[in-house]
Every structure is written in structure tokens, then in C-alpha cells.
Amino acid sequence: MQTSVIKPVEFDAPSQGGACSTASAWARVPDSPTQEERAALKNRAKALLKQRGAVLVAHYYVDADLQDLAEETGGCVSDSLEMARFGRDHAAQTLVVAGVRFMGETSKILSPHKTVLMPDLDATCSLDLGCPADDFAAFCDAHPDRTVVVYANTSAAVKARADWMVTSSIGLDVVAHLHAQGKKILWAPDRHLGGYIQRETGADLLMWQGSCLVHDEFKGVELELLKAAHPQAKVLVHPESPAAVVALADMVGSTSQMIAAARDMDAEEFIVATDNGLLHKMRLAAPGKRFIEAPTAGNSATCKSCAHCPWMAMNGLRNLVRVLERGDNEIVVDAETGLLAYRCIDRMLAFAAAKKANVRPGPDLAREQALFAGVGPA
Ligand code: 13P
Ligand code: SF4
């Protein structure tokens with residue numbers, strides 16, 4: 001398998017070019033409101049969502065209050081595949097995306113006529129930051145014989161260069177499908193997810209060397225010790241984790257698949273290797289079961305020790321209410337980039353729908369034409 005040399009990105013350095021470093025992200029994580037404030041903020045957000053005709057689409061890693069609010073108001077809390085689908089299919093003309101920037105951009109690309117707002121536009125992702133569009137384009141140019149498959153955790157400009165976008169819940173199936181067609185793949189940006197897919201499918205993957213700074217911190221050696229102390233526990237692992245952690249898993253999958261496993265597996269105790277925001281939903285889905293966070297390294301007060309994404313943590317009730325009051329923090333994707341990026345996302349959604357219906361996958365060109373009619377160049 002070939003690999004490439006990619007420039008490292010220092011996430012704890014002062015932010016450059018508008019991207020929010022982990023240090024400045026932590027500094028902007030909103031304080032937890034008191035019990036009374038929470039109730040008042042939730043009521044205010046409910047009224048504003050109604051007034052704006054907006055729907056809240058949240059990821060499982062954000063604040064538990066936002067997750068609950070999304071469900072209580074007819075929105076959704078889910079993994080990045082379902083978030084994309086839900087926002088596209090919902091009748092609301094305003095989508096409020098509580099998550100990170102690539103999720104807001106994906107919603108905007110799929111629904112170019114809708115208004116997409118986010119509580120904090122600087123909530124980003126180390127995978128996205130670690131894969132600048134120009135460097136990625138040069139990487140693709142150097143390997144024109146390969147089908148370009150990118151993870152959802154990338155900018156709109158990177159997606160615009162891709163043949164396929166995948167999320168963690170469907171990446172394995174898409175790559176297996178391409179491998180069966182004899183295609184060689186250029187994969188970006190997560191080397192751990194790419195490595196997992198490569199090992200599982202045997203596909204020829206040329207990989208960008210990015211990683212998620214949260215999952216990268218899970219440690220196989222410590223996990224082995226924890227497993228020995230809890231021999232009955234099943235280990236649930238997100239595939240952004242290193243190979244040594246994945247090797248110890250009883251189940252590897254996306255956030256939604258991990259929740260389903262916690263609910264359905266015949267065990268009372270689980271060790272969970274992903275952002276600890278997921279435990280809120282896991283506890284609701286599997287009441288009475290016990291969940292232990294997988295071990296990470298270090299004790300400093302950063303994401304390196306707490307298994308929580310600093311950018312996901314930037315979403316809170318206060319900045320949600322603020323964005324609903326002001327209608328600012330709007331996601332903008334220029335029309336040309338949006339159309340190019342749309343194709344690789346729609347291809348994945350068509351593949352997912354076909355897989356569910358058990359038919360041959362293919363893009364929905366009629367929908368693409370209808371959707372982009374009237375969307376002019378930026
Ligand atoms: P999922 O698609 O599994 O929700 O993952 C998104 C993500 O950013 C994980 O770190
Ligand atoms: Fe990105 Fe990791 Fe945060 Fe997910 S948890 S948004 S992959 S930095």
C-alpha cells in the first residue's frame with residue numbers, strides 16, 4: 001500500500017486563516033448555564049425555532065440539552081449521514097446545525113435554497129483543518145488514475161474535488177463496492193478510518209495522513225488493561241481510532257451504529273472509544289447498562305485527556321438562542337463549489353438508499369438538475 005507525505009497541522013498553535021485552534025476553541029466553549037437558566041433558554045429556543053420556521057439538526061457529540069431540544073422540537077440528533085439526509089428532506093426552510101462546520105456545509109450543499117445557521121461558525125474539525133483544498137488538489141492531480149473518496153469531515157472545496165463522499169457509517173460499503181469494480185482509490189483525510197477500511201476490504205487505498213485529534217488519543221495498551229479489569233465488558237470503537245484500539249473492539253462503527261450496538265448487544269457493561277458526548281444517547285437507548293470511557297493519554301485540560309471534541313463543545317444553549325434571535329452565522333457555499341460537491345454527496349446518499357432498497361446504486365440526476373435550477377454563480 002502506498003502512503004503520502006502530508007504537512008503536519010499544529011492544532012494548539014494560535015489560529016491561522018480564521019480556523020479555530022483547540023486552545024481558542026476551549027476558550028470559547030460556553031459556560032454551563034444553571035438549572036434555571038437552562039429551562040429558560042430551552043423555552044426561548046423552542047419559541048424562536050417556531051417563529052423562524054426552523055428545525056434543529058444536532059450531532060450526538062454536542063451538549064445533551066441541545067440533543068434533547070432537537071428531539072423535543074421535531075428536529076433530529078444523529079450521525080453525520082443522517083444529519084445530511086434529515087436536513088435535505090425536512091420541509092423547514094431554515095436549518096440550524098449544532099455540530100461542526102463541515103456538517104453545516106454539507107446541509108447547505110444539499111439544500112442550496114435553504115438558510116443554514118450554526119451556533120458558532122468557527123466550530124471546525126482537525127480532519128478538515130488538516131486537509132487544505134489546494135494541497136489536496138495537488139495530491140489528486142498527481143494520481144489521476146485513482147477514484148477520489150473523501151470522508152464527510154472535509155471542506156466543501158475538498159468535496160468538490162472528490163468522486164465520492166462517505167461517512168463512517170457507509171465508507172466500508174462504498175469502498176468495497178469500488179474495489180469490486182477494480183478501482184484504485186485515493187482516500188482522504190483520516191488515516192485511521194482509511195486504514196480500517198483498507199484492512200477490511202483489501203482495497204488499494206492511497207492515503208492522506210490526517211487524524212481526529214480526539215480519537216487519535218485512545219490508547220491500545222491502556223485499553224487492554226481496562227478490558228482485563230472489566231472482563232465482561234464489550235468494547236465499542238469508532239473507526240477514527242488507531243489500529244491498536246480497533247483491534248480490541250467487539251464492534252466498530254459510526255456513532256449511530258455504536259448506540260445500536262449498546263442497545264442490542266447482550267452485555268451489561270461497555271467500554272466506549274469515541275467522544276464522550278455519545279454517552280448521553282447511549283444511556284437513554286440502553287437504560288440500566290453501564291458505560292466506561294476508553295482511556296486516553298495525558299492529564300492536561302485539553303481534548304488530549306478528556307475524549308471530548310473542543311469544536312463540538314462550542315455549541316451551547318446560549319449561542320443557539322443568540323443565532324436564532326439574530327439570524328446570523330449563516331453558512332455560505334459558493335454555487336460552483338456547491339454543485340461540484342453536491343455530486344459526491346448525492347452519490348453516497350443514492351448508494352445508501354439503493355443499499356437499503358437492495359437495488360443497483362446510481363446518482364439521482366433529475367433531482368440534481370431540479371435542485372440547482374436558479375442557483376447562480378456566487
Ligand atoms: P459519525 O458520522 O460517526 O457521527 O462521526 C462524525 C465525527 O465527526 C466523528 O468524530
Ligand atoms: Fe473532527 Fe474529531 Fe471533532 Fe469529529 S471528534 S468533529 S473528527 S475533531
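What's counted below: heavy atoms across the whole structure, side chains too, no hydrogens, waters or symmetry copies. Read the numbers this way: they start at 1 and go in the same order the structure lists the ligands and their atoms. On a predicted model such as this, the values are computed, not experimentally measured, just so you know. Counting from 1, the numbers follow the sequence of the chain as shown.
Across all their heavy atoms, Val29 and Pro310 have their closest contact at CG2-O, 3.9 Å. Shown here for Pro30 and Asn319, the closest heavy-atom pair between the two residues is CG-ND2, 4.2 Å.
Each of the atoms 8 (S) of ligand 2 lies under 4.0 Å from some heavy atom of Leu213. For ligand 1, the atoms closer than 4.0 angstrom to any heavy atom of Asn153 are 7 (C), 8 (O). Each of the following atoms of ligand 1 lies closer than 4.0 Å to a heavy atom of Ser254: 3 (O). Ligand 2 places these atoms under 4.0 Å from at least one heavy atom of Leu127: 7 (S).
For atom 1 (Fe) of ligand 2, the closest non-hydrogen atom of the protein is Cys125 SG, 2.4 Å. Nearest to atom 7 (C) of ligand 1 among the protein's heavy atoms is Glu240 OE2, 3.6 Å. Of all protein heavy atoms, the one closest to atom 5 (O) of ligand 1 is His238 NE2, 3.4 Å. Among all protein heavy atoms, the one lying closest to atom 3 (Fe) of ligand 2 is Cys309 SG, 2.4 Å. The closest protein non-hydrogen atom to atom 2 (Fe) of ligand 2 is Cys212 SG, 2.3 Å.
With respect to the salt-bridge test (charged N to carboxylate O, under 4.0 angstrom), the residues Asp128 and Arg101 do not qualify. Ion pairing between a basic and an acidic side chain is recognised when a charged N comes within 4.0 Å of a carboxylate O; Asp204 and Arg146 show such pairing. Contact check on Arg161 versus Asp141 returns a salt bridge, with a Lys/Arg side-chain nitrogen under 4.0 Å from an Asp/Glu carboxylate oxygen. Using a 4.0 Å cut-off between a side-chain N of Lys or Arg and a carboxylate O of Asp or Glu, Lys159 and Glu105 do not qualify as a salt bridge. Under a 4.0 Å N-O distance rule, the pair Glu269/Arg290 qualifies as a salt bridge.
When Met103, His59, Arg101, Glu240 are checked for heavy-atom proximity to atom 7 (S) of ligand 2, Glu240 turns out nearest.
Here's the thing with His59: one of its N/O atoms is less than 3.5 angstrom from an N/O atom of ligand 1. For ligand 1, the polar-atom distance check finds an N/O of Ser80 within less than 3.5 Å of one of the ligand's N/O atoms.
Remark: distances from the non-hydrogen atoms of His215 to ligand 1 include one below 4.0 Å. Under a 4.0 Å heavy-atom criterion, Cys212 is not in contact with ligand 1.
For Glu240 and Tyr196, the side-chain atoms include no donor-acceptor pair closer than 3.5 Å. With hydrogens and angles left out, the side-chain atoms of Ser256 and Asp79 include a donor and acceptor closer than 3.5 Å. Checking Ser169 against Thr167 by side-chain atom types alone, a donor-acceptor pair falls below 3.5 Å. Between the side chains of Thr274 and Tyr61, at least one donor N or O lies within less than 3.5 Å of an accepting N or O.
Counting heavy atoms under 4.0 Å from ligand 2, residue Asp275 does not touch it at all. Of all the heavy atoms of Tyr60, none lies under 4.0 Å from any atom of ligand 1, so neither backbone nor side chain is involved. When heavy-atom distances to ligand 2 are checked against a 4.0 Å cut-off, Asn153 comes that close only through its side chain, counted from C-beta outward.
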